[in-house]
Visitor: 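Take a look at the following structure, please.
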Protein chains: 2
Amino acid sequence: MSRTTLTPVSYLVLGWIAHSPATPYDLKRRVAESVGHFWEFPHSQLYAEPARLAGLGLLGEEQEQQGRRRRVYSITQAGREALEAWLREPTSEEPQIRDIGLLKLFFSSSLDSESVIALARAQEQSHRDKLSTYEELDRRVPKEAVSAHATLQAGLAFERAFIDFWGEIASRRPSA
Amino acid sequence: MSRTTLTPVSYLVLGWIAHSPATPYDLKRRVAESVGHFWEFPHSQLYAEPARLAGLGLLGEEQEQQGRRRRVYSITQAGREALEAWLREPTSEEPQIRDIGLLKLFFSSSLDSESVIALARAQEQSHRDKLSTYEELDRRVPKEAVSAHATLQAGLAFERAFIDFWGEIASRRPSA
DNA sequence: TAACCGATGATCCGTTTCGGATGATAAACG
DNA sequence: CGTTTATCATCCGAAACGGATCATCGGTTA
């Protein structure tokens, strides 16, 4: 028997479909250009999860008739309630930050400081690039797209924090 | 046949054992009070991974004789080389940030602004608490523990960024 | 000193997640 | 048309996950 509890992916799907009906492929694209910027979800889950949610009565499923077989999902009353209950309930889990660069920094004591600086500079640059991407997106994305806008705000905040962090490492090391 | 490529967990283990020999349980504790603060690793992996790395010749394994069976792992020359090669090689993967609070914010358009403010305040507070924890740790941890110190620097930076982000959401919303 | 007990340490195993490979249909182009 | 390229969907083995369980130790009490 399949899982009956809801996971973050469940709410991701529920949240997007509450916004408007969608096929799994729609979800895949929506996610890629929103939260997917810093939280990746395997597309296979975005196909499997709606089916499961439909089985739980939280989504309605409708086969498109002609052409390629594709399923359009829409939110049910129960689904909307589950989503809103979750939105309102307090969040307990702590955010997870999985950063290979940081992992390397932790173990960099066995490394010469040149290499550490190189690491820090590379990380800083990579975050600067990403910051530009977000700024560019910020110009394009209409203000009324609230969800997308929040993503960008968060993205911008993160990238600036990363840039500061690595920038300081890069500049502080050589003198030490 | 078991995996031969190395994952982040592999390097986590390699990095800590390069620092000094350890049993899986030692790893579990070391990780919990360092990178584990924002990147959780299931302990079962910290038992399985050293065994695999030993199989690859990157760690040496030594059974303790008397008492409870426990394995002490130490780094081999090959292991040290693998670790340093990884440290030096450029990092391509983008950091992943998995934050339930943000996920909720993305879908908060269906929510009244009171609830959004409540969410933002709760998140802000929770990050303030964590910031205090890090500051407290920062006082205790000796400066020469480089790895631990870097963790704390990163943790402090993240928490401050989160606090700013949520604080702004909380304060900007009511007027809108 | 035997029975207990909480803390420590290790292992197991069923579920989920992951992500790459593959398959299928549609659209575009010559 | 036939061929290519983009879109869309599914599959499946491998790895991660995390809770349950088991084993051992060092006390503490009677």
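Treat the numbers as computed from the prediction; the structure is a model and nothing was measured. The figures here come from the full heavy-atom set of this structure, side chains too, leaving out hydrogens, waters and symmetry mates. Chain A is the first sequence line, chain B the second, and so forth, proteins listed ahead of strands; every chain is numbered from 1.
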Visitor: Any side-chain N or O of B:Arg70 less than 4.0 Å from the OP1 or OP2 oxygen of C:dA10?
Guide: yes
Visitor: Enumerate the side-chain hydrogen bond (donor to acceptor under 3.5 Å, both in side chains) contacts for residues 13-35 of chain A, please, sequence neighbours excluded, ordered by first and then second residue.
Guide: A:Ser20-A:Arg30, A:Thr23-A:Asp26, A:Asp26-A:Arg29
Visitor: What N/O pairs connect the protein and nucleotides 16-18 of chain D at under 3.5 Å? Give each pair on its own line.
Guide:
from: D:dA16; atom 1: OP2; to: B:Arg3; atom 2: NH2; distance (Å): 3.4
from: D:dC17; atom 1: OP1; to: A:Arg98; atom 2: NH1; distance (Å): 3.4
from: D:dC17; atom 1: OP2; to: B:Gln45; atom 2: NE2; distance (Å): 2.7
from: D:dG18; atom 1: N7; to: B:Ser44; atom 2: OG; distance (Å): 2.9
from: D:dG18; atom 1: O6; to: B:Ser44; atom 2: OG; distance (Å): 3.2

Visitor: Rounded to whole angstroms, how far apart are OH on B:Tyr25 and C1' on C:dA10?
Guide: 10 Å
Visitor: Donor-acceptor pairs under 3.5 Å, side chain of residues 154-165 of chain A to any protein atom, not counting sequence neighbours: which ones?
Guide:
from: A:Glu159; atom 1: OE1; to: A:His127; atom 2: ND1; distance (Å): 2.5

Visitor: Report the distance from atom CD of A:Gln63 to atom C1' of D:dA9, rounded to the nearest whole Å.
Guide: 12 Å
Visitor: Could you state the atom-to-atom distance from CG of A:Leu46 to P of C:dG20 in whole Å?
Guide: 15 Å
Visitor: Can you tell me the distance, in whole Å, between the CG atom of A:Leu6 and the P atom of C:dT15?
Guide: 19 Å
Visitor: Please list all pairs meeting salt bridge (Lys or Arg N to Asp or Glu O under 4.0 Å) that have one or both residues in residues 74-90 of chain A, counting only residues at least two apart or in different chains.
Guide: A:Glu84-A:Arg88, A:Arg88-B:Asp112
Visitor: Just say parallel, tilted or perpendicular for the rings of A:Trp86 and A:Tyr11, cut-offs at 30° and 60°.
Guide: parallel
Visitor: Return no unless some side-chain N or O of B:Tyr47 is found under 4.0 Å from OP1 or OP2 of C:dT11.
Guide: no
Visitor: Find the distance B:Asp26:CG to C:dG9:C1' and express it as a whole number of Å.
Guide: 10 Å
Visitor: Could you list all the salt bridge (Lys or Arg N to Asp or Glu O under 4.0 Å) pairs where at least one residue sits in residues 36-61 of chain A, not counting sequence neighbours?
Guide: A:Arg3-A:Glu49, A:Glu49-A:Arg52, A:Glu61-A:Arg71
Visitor: Under the salt bridge (Lys or Arg N to Asp or Glu O under 4.0 Å) rule, what pairs show up with a residue in residues 113-124 of chain B, not counting sequence neighbours?
Guide: B:Glu124-B:Arg128
Visitor: Between A:Leu27 (CG) and D:dT7 (C1'), how many Å, whole number?
Guide: 16 Å
